[in-house]
Amino acid sequence: MIVMGGIVGSGIFVTPADVARSAGSPALILGAWALGGVAALLGAFVYAELSSARPEVGGQYAYLREAVHPLAAFLYGWALLLVIQTGGMAATAIAFARYFRELSPIPLGEGAVAAAAVAALTVVNCLGVRAGSTAQSALMVLKICALAALIGAGLLFGGAAPSSGVPGSPAGLGAALIPVLFAYGGWQTACFVAGEMKDPSRDLPRALILGVLGVIALYTLVAFVCLRTLGADGLARSSAPALEVMTRTLGPRGALAIAAGISISTLGFLSQSILTAPRVYFAMAEDGLFFRSVARVHPRTRAPIVAIALQGALAIAIALAGTFEAITRYVVSIDFVFFALTAGCIFVFRRRGLRGTFAMPGHPATTAAFIAICAAVVLSTWRADPVHSLAGLGITLAGIPAFLLWRARIVPTAAGQPGRPAPPR
């Protein structure tokens, strides 16, 4: 549920239209979703091997720290906090607020509703990993039901719409992969809580692979029913494809039901984000490379409450300042740089003889293929939106002086390894 919850958010209910506008032809539209699924599955295989070899708190942060350099790990954690995770949470909170306000005549603005949702789930996850995972599982079941209802309505009651589309091109397919891979992203966040699992070397690889396969099935069927019901042209023109499919097939009641389902889906993604990512900031603080207070855990629940609260506050700030589309490109341009770096960790760990219970099938060819896909996505994002991509890069590189500052405060141990932070002068 954590793996699937980290992937399925608001994106699948919105991005089919973005993909149709970029890809054009029906074949390329479905091809983009299939190619994105292959990339996500390759990524799941990468993280399954890494998590079985190094099942530590912090996941991707820990892999980069040990295989590349502490600076690479720090920049990942820095970008996760200021760009990747909080940006994804902010986009999702905005989507939740829009649909929730359609369902309820609440006298609050979009920003206030988004902030309230993030704040409420932050409080729940401060109660501990058990409370957070219980909420996550319940919300994930509900949003699987919402997706199943959308798929069922489209297959059973949707007629085959005319679908001319426009001739596709490789450039259009590359642009279409940006929203597709944003929708598929998030499988890696389950690795953040590996240190709190009972048997992560066994359970985490299984969860990654089965969870990603489940999402590929759901996403491909959703794309198919949207294309079948609306046609390529209608899908490209739609601003809310899931809502339009349900309206055409089941009328106003269907539209109301899917609006409720989307609201639940966005809450499920927010819950998963708040549950998992703060473990990275906790690991950074434990290494002495972040504020020591961020490593503080609640004496009873053992939850990293300061890290959870910090992430929630920043997500609220980004939600109030940006739009869904801008935040999407801002996130993807940086996220896939770190995906490629993390995949490279497999080469380093294998050279050192560090292997777990799961091995990347087809390595090194499949690992290299995943790195190439990540590079292509980053280039496509920069081509499509250089302004927001540059903003994400600038924020990430601003972490270099921050790293040097925190690094200078660490007292070396006798073995020459980083120790505890130096006492204040």
Side-chain angles (χ1 to χ4, degrees), residues 4 7-41 95 98-99 102 142-170 172-184 212-266 324-325 328:
M4 295 183 76
I7 302 173
V8 182
S10 59
I12 186 56
F13 298 103
V14 179
T15 53
D18 295 332
V19 175
R21 284 190 285 270
S22 298
S25 71
L28 284 183
I29 292 169
L30 292 177
W33 286 101
L35 185 58
V38 170
L41 189 58
R98 288 176 183 172
Y99 281 99
E102 292 294 324
L142 290 172
K143 62 181 172 178
I144 288 175
C145 291
L147 285 170
L150 174 62
I151 293 165
L155 292 176
L156 296 175
F157 305 109
S163 189
S164 61
V166 296
S169 68
L173 180 61
L177 282 174
I178 297 172
V180 166
L181 289 170
F182 176 80
Y184 271 118
V212 169
L213 285 172
V215 172
I216 290 172
L218 287 171
Y219 278 15
T220 305
L221 285 169
V222 167
F224 174 76
V225 299
C226 288
L227 191 59
R228 180 175 183 267
T229 305
L230 305 178
D233 300 331
L235 181 56
R237 290 192 300 267
S238 177
S239 59
L243 197 64
E244 195 166 332
V245 168
M246 292 296 279
T247 302
R248 287 195 186 189
T249 55
L250 299 179
R253 289 186 178 180
L256 188 65
I258 199 62
I262 294 171
S263 298
I264 291 168
S265 181
T266 55
F324 184 92
E325 294 76 15
T328 298

Counting C-beta onward and ignoring hydrogens, is there a side-chain heavy-atom pair between I151 and V222 closer than 4.5 Å? yes
Contact check, side chains of V212 and I216, non-hydrogen atoms, under 4.5 Å: yes
Which heavy atom of A255 sits nearest a heavy atom of L243, and at what distance? O-CD1, 3.3 Å
Quick check: closest heavy atoms across T266 and S263, and the distance to 0.1 Å? OG1-O, 2.7 Å
Correct closest heavy-atom pair for A153 and L250 would be CB-CD1, 4.0 Å
S238 side chain to G234 main-chain N or O, any donor-acceptor pair under 3.5 Å? no
Classify the angle between the aromatic ring planes of Y184 and Y219 as parallel (below 30°), tilted (30 to 60°) or perpendicular (above 60°). tilted
Distance (rounded to the nearest 0.5 Å) between E244 CD and T249 OG1: 11.0 Å
Criterion side chain to side chain contact (heavy atoms under 4.5 Å, CB included) against L150, the qualifying member of L221, T229, I258, L218: I258
Between L230 and R248, is any pair of side-chain heavy atoms under 4.5 Å apart? yes
Can you check whether F224 reaches L155 side chain to side chain, under 4.5 Å on heavy atoms? yes
In terms of heavy-atom contacts, R237 and R21 come closest through C-NH1, 4.5 Å
Which heavy-atom pair separates I29 from A232 by the least distance, and what is that distance? CD1-CB, 4.1 Å
What pair of heavy atoms forms the shortest contact from G261 to A146, and how long is it? CA-CB, 3.7 Å
Looking at side-chain heavy atoms only, is the closest gap between T15 and V180 below 4.5 Å? no
